[in-house]
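What follows is a single structure, written as structure tokens, with notes after it.
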Amino acid sequence: MNSGGILANRAVSACYLTLGLFTLLLGGGFVLADRLAPAGRNLSKVTGVDPPAYFGVSHAILFHGNFDLSEEYSRVTPDDSPSTAVRKETGVPGSEYAVGYSFLAAPFLAAGTLIDAVAGHPADGYSRFAILGYCLANIGLTGLGMVALFTFLRDAAEFWGISLPHSAIYALFVTFATFFGTNAGYYAFSPMSHASTFFCVSMFLACWWRVKDRTDLGSWALFGLIGGFLSICRWQDIFFIGAPLLSDLLGGLADLRRRLASRAVYLTAAAICWIPQMIEWKYMFGRYLTVPQGRGFFVFPPAFIPQVLFSTRNGWFAWTPLVLLGIAGLIWSAVRIPRLFLPWIVVISLEVTLIGSLAISWHGGEGFSNRNLTSGAPLIALGVLTLLCVTRRYKRGAVIAATLACSLFSFVSAIQFRLDLVPRSDQLTVSEYLTDKLRLRQVRRRKLAVKEAERLLERNAPADAARVLEAAASYGPDRDVLRDLSRAYRESGRSLEAQSVDRRLEELIKGKLF
């Protein structure tokens, strides 16, 4: 091997090492922060509605070998919700969520339980290290997903004529941009299923790129297992399974007969992965095939596609504008090479359409960006990489600058969201969406002032609360400050000032964006 080849291989190895170290850094930072317990709260916890349900299934299959969540819900109790209520059909606790993530997280739960046993803690899957191990699952899955995504993107860059080491550098850059510029990075720290879809889609794409022109049964069987498991992590991702077949059709019918056997094996392997999901449905809902959320969950025609994409309440484009750049790259590619790129635009379109049909939860609840579309992040990465590879020098610089700007915007948005500096269940005002990003320190102080004022109001000290909030108002308009200031004025007998604040609050709310 010549010196150029050695240098290229070293560049690739350095990229893999970088991704591995980054994953270890994320995991170490999480463990340290959990140990320090900022604000008196551990990071490793399983609370809410979705996380206890996912944890319950992981624990049940690991410790009992079944889907009976009675013990799990008594130990890690979900918030009151129909999603985890006792099912009237069967009389057992239910879970309306897919089982794939729970299977992927089970080894992490097992590892934590083993550490608990060594440390002398109860090895029951509920002790300190068991919960910590379970919560580290998403960091591990995200890190592995980044490795798979890098592998896929490097192959794609070489397809566009970018040779090593530049192909590796481009792929690494876009991989990190995807972590910071989409919601893939945010959900590395939340015990929900989104990291598993990022991991599985990255694996799926990396595998597809290498088997797409092959017909051996073993490769397509493995590919089918990856696709099937992806589809039971989040059910809407079943659309991904059809994309390779559409790619084959777009390639022409000449080789279709030669490919039939391998594609049949692919579909069979994917279908096999649905067996545990159907067993869980039968146990909980009394049917092998069902819509766990019940009738009326989907509404057609889909009326909420604009909100899914553009709303400042978790809109995919609005919160993670890197998606726009990626979509542009995919469209450019699909026009020129439909067979390889058009199927992925179809997948994205179908997923957006499906999410747009969810009248109650198109926004994904209190999620960052549209969490239902996290599986699209690797496809967005493919689009961004394409723009990097096909543009000339100066335009490539513009693509890099736009990628960095979009990633920075979403990273700061994630900080705002994680620290509760913006509303989680409403559209945003101009200041919340844009200008507050330029003064995070002041906004954080304003948030702390609101909390202090609310404590003072609880202690019947409205005058003191009003003084705190008047000072906080200097940091810019804020709905929480104005709401509590109105209350403080009223409780202090200052009704005219309260009415003035009410008018300011009304004007602020009227100015909410889409």
Side-chain angles (χ1 to χ4, degrees), residues 22 142 145-146 149-150 152-153 156-157 169-189 194 198 201-202 306-333 341 344-345 348 351-352 364 367-419 421-422 427-428 430-440 513-514:
F22 181 71
T142 300
M146 292 176 71
L149 179 60
F150 167 78
F152 166 61
L153 294 177
I169 294 172
Y170 287 6
L172 186 67
F173 172 74
V174 175
T175 298
F176 276 109
T178 304
F179 179 87
F180 291 104
T182 71
N183 53 9
Y186 183 90
Y187 284 104
F189 303 96
H194 310 292
F198 172 72
V201 170
S202 298
Q307 289 88 337
V308 169
L309 297 177
F310 299 104
S311 176
T312 54
R313 183 181 182 184
N314 300 336
W316 201 28
F317 294 168
W319 282 75
T320 47
L322 185 68
V323 172
L324 281 169
L325 199 62
I327 294 292
L330 288 175
I331 293 174
W332 187 95
S333 306
F341 295 94
W344 306 116
I345 294 179
I348 290 174
E351 294 221 353
V352 169
F368 173 69
S369 185
N370 198 301
R371 61 190 179 99
N372 295 313
L373 295 169
T374 306
S375 57
L379 295 177
I380 299 308
L382 175 61
V384 174
L385 178 94
T386 298
L387 293 179
L388 276 179
C389 292
V390 301
T391 50
R392 295 181 181 274
R393 181 177 178 183
Y394 295 109
K395 290 183 179 179
R396 184 176 297 156
V399 172
I400 292 172
T403 300
L404 291 173
C406 291
S407 299
L408 179 61
F409 178 91
S410 295
F411 179 64
V412 176
S413 296
I415 293 174
Q416 288 178 286
F417 197 83
R418 182 69 74 175
L419 297 179
L421 302 182
V422 292
Q427 297 102 305
L428 305 184
V430 172
S431 60
E432 290 164 344
Y433 183 66
L434 291 175
T435 56
D436 280 357
K437 288 178 170 58
L438 305 176
R439 51 185 184 192
L440 282 183
L513 300 172
F514 178 66

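Basis for what follows: all heavy atoms, side chains included, without hydrogens, waters or symmetry-related copies. Computed from a predicted model, the values in this text were never measured in an experiment. The first residue in the sequence is number 1, and the count goes up from there.
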Legend entry - Intermediate values then yes/no, side chain to side chain contact (heavy atoms under 4.5 Å, CB included), Thr403 and Leu388: CA-CA 10 Å; Thr403 300; Leu388 276 179; 5.7 Å; no
Inset, instruction - Kindly indicate, with the supporting measurements, whether the criterion side chain to side chain contact (heavy atoms under 4.5 Å, CB included) is fulfilled by Phe368 and Ser413. - result: CA-CA 9 Å; Phe368 173 69; Ser413 296; 3.9 Å; yes
Inset, instruction - Take Leu373 and Val308 through the test side chain to side chain contact (heavy atoms under 4.5 Å, CB included) and record every step on the way to the result. - result: CA-CA 9 Å; Leu373 295 169; Val308 169; 3.9 Å; yes
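A donor-acceptor contact shorter than 3.5 Å is absent between the side chain of Ser311 and the backbone of Pro306. Tyr187 places no side-chain N or O within 3.5 Å of a backbone atom of Gly367 that could act as its donor or acceptor partner.
Considering CD1 of Ile415 and NZ of Lys437, their distance stands at 10.5 Å, rounded to 0.5 Å. Rounding to the nearest 0.5 Å places OG1 of Thr182 at 12.5 Å from NE2 of His194. Remark: Leu153 CG to Met146 CE distance equals 10.5 Å, nearest 0.5 Å. A distance of 11.5 Å separates CH2 of Trp316 from CZ of Phe310, quoted to the nearest 0.5 Å. Summarising the geometry, atom CG belonging to Leu325 is positioned 12.0 Å from atom OG1 belonging to Thr320; distances are rounded to the nearest 0.5 Å. Note that CG of Leu330 and CZ of Phe341 are 7.5 Å apart. Values are rounded to the nearest 0.5 Å.
Residues Phe180 and Ser410 form no side-chain contact, since every pair of their non-hydrogen atoms from C-beta on lies 4.5 Å or further apart. Looking only at side-chain heavy atoms (C-beta outward), Thr391 and Trp332 stay at 4.5 Å or farther from each other.
In this structure, Gln427 and Arg313 approach most closely via the heavy-atom pair N-CB, 4.1 Å. Closest heavy-atom contact between Leu322 and Gly181: CB-O, 3.7 Å. Glu432 and Gln416 get closest at one heavy-atom pair: O-NE2, 3.3 Å. Closest heavy-atom contact between Phe179 and Ala188: CE1-CB, 4.4 Å. Between Thr142 and Phe198 the shortest heavy-atom distance is O-CE2, 3.6 Å. Residues Leu385 and Ala156 approach most closely at CD2-CB, 3.8 Å, considering heavy atoms.
With sequence neighbours left out, the ring pair (Phe, Tyr, Trp, His ring centres under 6.0 Å) criterion links Phe514 to no other residue.
The cationic group of Arg418 lies under 6.0 Å from the six-membered ring centre of Tyr186 and within 45° of the ring axis, placing it in a cation-pi geometry.
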Output side-chain donor-acceptor pairs under 3.5 Å for residues 170-178, partner residues at least two apart or in another chain, one line each.
residue, atom, partner, partner atom, Å
Tyr170, OH, Arg396, NH1, 2.9
Thr175, OG1, Ala171, O, 2.7
Thr178, OG1, Val174, O, 2.7

Side-chain atoms of residues 374-384: list all donor-acceptor pairs with protein atoms under 3.5 Å, sequence neighbours left out, distances to 0.1 Å.
residue, atom, partner, partner atom, Å
Thr374, OG1, Asn183, OD1, 3.3
Thr374, OG1, Asn183, ND2, 3.4
Thr374, OG1, Arg371, O, 2.8
Ser375, OG, Asp237, OD1, 2.8
Ser375, OG, Glu351, OE1, 3.3

